[in-house]
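Working notes for the structure below.
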Amino acid sequence: MAGYSIRLKRSAAKENERVGTQRDRRRIVSRIRALASDPRPSGFQKLSGIEELYRIRQGDYRIVYVGDDDDKNVVVIKVGHRKVIYR
């Protein structure tokens, strides 16, 4: 499952910039980069609705993304605190 390309929506990049501390931002970016080698890491969960919509946890933050196995793409849709990410 290696070789996936990672893309961030512009809104997700802005949301990541607004995350609490720089340490949290670095951890989130590291977690997103790891999706290139394994788009479904341990602890991922499929969300209802869209066929390929998933989320992973990074501390109190959630990363919501779409994984496309045919095109080998991962598109990060949202990044945010667990309290507000699903609104």
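Atoms considered below: every heavy atom in the structure, side chains included; atoms not considered: hydrogens, waters and symmetry mates.
You'll find the side chain of Val74 stays beyond 4.5 Å of the side chain of Ser5, heavy atoms only. Looking only at side-chain heavy atoms (C-beta outward), Glu52 and Val75 stay at 4.5 Å or farther from each other. In this structure, the side chains of Val76 and Val64 stay at 4.5 Å or more apart for every pair of heavy atoms.
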- Task: Could you go through the side chain to side chain contact (heavy atoms under 4.5 Å, CB included) check for Ile28 and Arg33 one step at a time?
- Result: CA-CA 9 Å; Ile28 289 170; Arg33 285 183 180 156; over 6 Å; no
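Nearest heavy-atom pair across Tyr4 and Leu35 is CB-O, 4.2 Å.
Atom CZ of Arg31 and atom OH of Tyr61 lie 15.5 Å apart (nearest 0.5 Å).
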Mind listing the side-chain donor-acceptor pairs of residues 7-21 below 3.5 Å, one per line with the distance, residues two or more places apart or on another chain?
from  : atom 1 : to    : atom 2 : distance (Å)
Glu15 : OE1    : Val79 : N      : 2.8
Arg18 : NE     : Lys14 : O      : 3.3
Thr21 : OG1    : Asp24 : N      : 3.1
Thr21 : OG1    : Asp24 : OD2    : 3.1

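Here Tyr54 pairs with Phe44, Tyr65 under the ring-ring contact (aromatic ring centres under 6.0 Å, His included) rule; sequence neighbours left out. Qualifying side-chain contact (heavy atoms from CB on, under 4.5 Å) partners for Arg62, counting only residues two or more places apart in sequence or in other chains: Arg55, Arg57, Arg82, Ile85, Tyr86.
Side-chain heavy atoms closer than 4.5 Å link hydrophobic residues (I, L, V, M, F, W, Y) into clusters, and following such links, possibly through other members, connects Ile6 to Ile56.
With Asp71 contributing its side chain and Asn73 its backbone, the two residues share no donor-acceptor pair below 3.5 Å.
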